[in-house]
Every structure is written in structure tokens, then in C-alpha cells.
Amino acid sequence: WWENVRHPQWDTDHWSLNYLGHPYFGAIAYIRARERRFGALGGVGYAALLSGLYEYGIEALFERPSYQDLLVTPVGGLLLGALLFDPIREHIRRKSALHWYDHVTLALTDPLGVSNSLIERLWGIQTNIRVQFHLPALASSVPFNEPTARFLNRPQTLRRQSHGIGIEFVFEGGKPSARRFWYP
């Protein structure tokens, strides 16, 4: 692993893996981030983070990290996710009744979300994760996790004035209370 991570390379994988497979993976990471209410930039960052973790983590046990995989995954994911997956998913959501192929399309465009839902149902919990980045000049009055405010019996108009990064994890389960962690 150490030898591989110290010597990244341009790989010689088949074009379909590099320029179809990696953008697809980037797009599903982008969509998962967008479903968790990240912005477009956050979606690209999330896809880049997952790609980097995979390239320098599991894959580095077997081969050197690939420069084009680290680049193509988030950029191709942004293009495929924003220009194709997002519009398709919005079109399906606007339908009054969904058919089986609509559900298949939603699952193919967000397989991480399907896996997440299955695990949540098996464990009997519902998670709500939100990450927000606040620039000092833009953070005068920013809403933070309005749906969670209702669950925690806080007024929904609550505004936090903070600078930096806010992360809130809420696990809702069979118990009436939630475990909530916030890092300012």
C-alpha cells in the first residue's frame, strides 16, 4: 500500500471504465450529496472525497492511484449528475403516479440512497445529516436544518449566526428523543 500511494500514475484501464464507469460513480456520489441537501459544489466535493478515499484506500492495496480517476470521477460526476440525473429525477418526482420503471430509474441514479434506506429500515432509525459551510461575509442569518427543528421541538424560524462549518447528525428511532451532535 505504501509504495502504491507514493507513486500515483496515469492508468491504462479500458476507456469505458475510465470515462463511463468513473463518471457514473461520481454522478451517484453527486446525487447522494444533493439528496442530503449539499449544494452543487458540495456534491462535487463529496464525489472527489469518495474518489480519493477509494483510490488511496482500498484500491491502493492492489494498484497505484490513478490521476485520471481522481479527476474524471468528480468532474464527470458533476456533468452526468447535474445535466442528466437531476433532471430525470425531478421529472419522475413530478409524476402523480410512479410505475415500476420509475422506481428502477430512481434506484439506478441513487443506489447509495437505496442502500442507506435499507440499512435505516433494518436498524429502525432515520438519519438526518446536514453539512453547511458559512463564509464570514455571508453568514449573517442562515437557516440550519429546518426539518430537524420540528423534530427537536425548536421553532422552525430559528437562525444560527455562525462562521465556519456546521455539522448536525440526528438519529431518530423508536425512542421519542433524538441524539444530536453539532460541531460549530
Side-chain angles (χ1 to χ4, degrees), residues 1-90 92-93 100-133 164-173 179 181-183:
W1 178 85
W2 182 244
E3 279 303 308
N4 285 342
V5 297
R6 290 182 24 203
H7 304 289
Q9 66 180 4
W10 290 97
D11 71 34
T12 57
D13 291 342
H14 193 265
W15 69 268
S16 62
L17 179 62
N18 279 333
Y19 302 109
L20 295 177
H22 282 279
Y24 175 72
F25 178 76
I28 62 175
Y30 173 84
I31 290 296
R32 181 80 313 246
R34 298 289 287 149
E35 290 292 322
R36 291 289 189 177
R37 291 175 261 136
F38 283 45
L41 187 58
V44 173
Y46 186 71
L49 175 68
L50 289 184
S51 178
L53 289 173
Y54 180 76
E55 289 290 321
Y56 283 94
I58 296 169
E59 192 172 54
L61 293 171
F62 308 103
E63 62 184 53
R64 293 178 179 176
S66 164
Y67 291 124
Q68 72 259 43
D69 294 350
L70 291 166
L71 180 65
V72 169
T73 302
V75 174
L78 167 68
L79 295 174
L80 188 60
L83 300 177
L84 185 65
F85 286 13
D86 263 343
I88 288 172
R89 293 175 65 79
E90 286 304 314
I92 290 171
R93 286 189 178 129
W100 67 268
Y101 50 83
D102 293 323
H103 293 286
V104 170
T105 302
L106 289 172
L108 289 174
T109 56
D110 188 15
L112 294 175
V114 171
S115 302
N116 188 54
S117 294
L118 290 172
I119 290 170
E120 285 178 347
R121 276 189 255 151
L122 284 173
W123 288 359
I125 62 171
Q126 180 182 357
T127 58
N128 187 350
I129 301 171
R130 176 128 182 201
V131 177
Q132 286 187 330
F133 298 93
I165 301 172
I167 301 174
E168 188 170 37
F169 299 94
V170 177
F171 302 92
E172 303 172 28
R179 284 173 239 137
F181 308 95
W182 190 77
Y183 181 76

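For the single chain, residues carry numbers from 1 onward in sequence order.
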Participant: Mind listing the closest non-hydrogen atom pair of G81 and A27 along with its distance?
Facilitator: N-CB, 3.8 Å
Participant: Could you grab the distance from atom CG of L17 to atom CZ of F25, nearest 0.5 Å is fine?
Facilitator: 12.0 Å
Participant: Return the CG to CG distance between L41 and L78, rounded to the nearest 0.5 Å.
Facilitator: 9.5 Å
Participant: Evaluate whether atom CG of L20 has more than 12 neighbouring non-hydrogen atoms of other residues, nucleotides or ligands under 6.0 angstrom away.
Facilitator: yes
Participant: Please state whether the rings of Y67 and W10 are parallel, tilted or perpendicular, taking 30° and 60° as the class boundaries.
Facilitator: tilted
Participant: Determine the minimum heavy-atom distance between P23 and L80, stating which atoms define it.
Facilitator: O-CD2, 3.8 Å
Participant: Calculate, to the nearest 0.5 Å, the distance between atoms OG and CD belonging to S115 and E120 respectively.
Facilitator: 11.0 Å
Participant: Under 3.5 Å, is there a donor-acceptor pair between the side chain of Q68 and the main chain of D11?
Facilitator: yes
Participant: With heavy-atom distances below 4.5 Å as the criterion, would you say the side chains of Y56 and L70 are in contact?
Facilitator: yes
Participant: Hey, does I28 have a side-chain heavy atom less than 4.5 Å from the side chain of F85?
Facilitator: yes
Participant: To the nearest 0.5 Å, what is the distance between CZ on R64 and CD on E3?
Facilitator: 8.0 Å
Participant: Could you report the tightest heavy-atom contact between P8 and V5, atom names first, then the distance?
Facilitator: CD-O, 3.9 Å
Participant: For residues G42 and A33, report the shortest heavy-atom separation together with the two atoms involved.
Facilitator: O-CB, 4.3 Å
Participant: Can you give me the closest heavy-atom contact between P111 and Y24, atom names plus distance?
Facilitator: CG-OH, 4.0 Å
Participant: Could you walk me through whether Y54 and L50 satisfy the side chain to side chain contact (heavy atoms under 4.5 Å, CB included) test, starting with their C-alpha distance in whole Å, then the side-chain angles of each, then the deciding distance to 0.1 Å, before giving a yes or no?
Facilitator: CA-CA 6 Å; Y54 180 76; L50 289 184; over 6 Å; no
Participant: Do the side chains of D110 and R89 get nearer than 4.5 Å, heavy atoms only?
Facilitator: yes
Participant: I'd like to check E55 versus S66 (side-chain heavy atoms, cut-off strictly below 4.5 Å). Are they in contact?
Facilitator: yes
Participant: State whether the side chain of T109 and the backbone N or O of L106 hold a donor-acceptor pair below 3.5 Å, judged by distance alone.
Facilitator: yes
Participant: Could you check whether any side-chain N or O of S51 sits under 3.5 Å from a backbone N or O of A47, counting only pairs where one atom can act as donor and the other as acceptor?
Facilitator: no
Participant: Taking all atoms of both residues into account, what is the closest heavy-atom pair of Y30 and V44, and its distance?
Facilitator: CD1-N, 3.9 Å
Participant: May I ask you to test the R32-N116 pair for a side-chain heavy-atom distance under 4.5 Å?
Facilitator: yes
Participant: May I ask you to say whether E35 pairs ionically with R93, meaning some side-chain N is under 4.0 Å from a carboxylate O?
Facilitator: yes
Participant: Under the 3.5 angstrom rule, does the side chain of W1 hit a backbone N or O of I58 as a donor-acceptor pair?
Facilitator: no
Participant: To the nearest 0.5 Å, tell me how far L108 CG sits from I31 CD1.
Facilitator: 12.5 Å
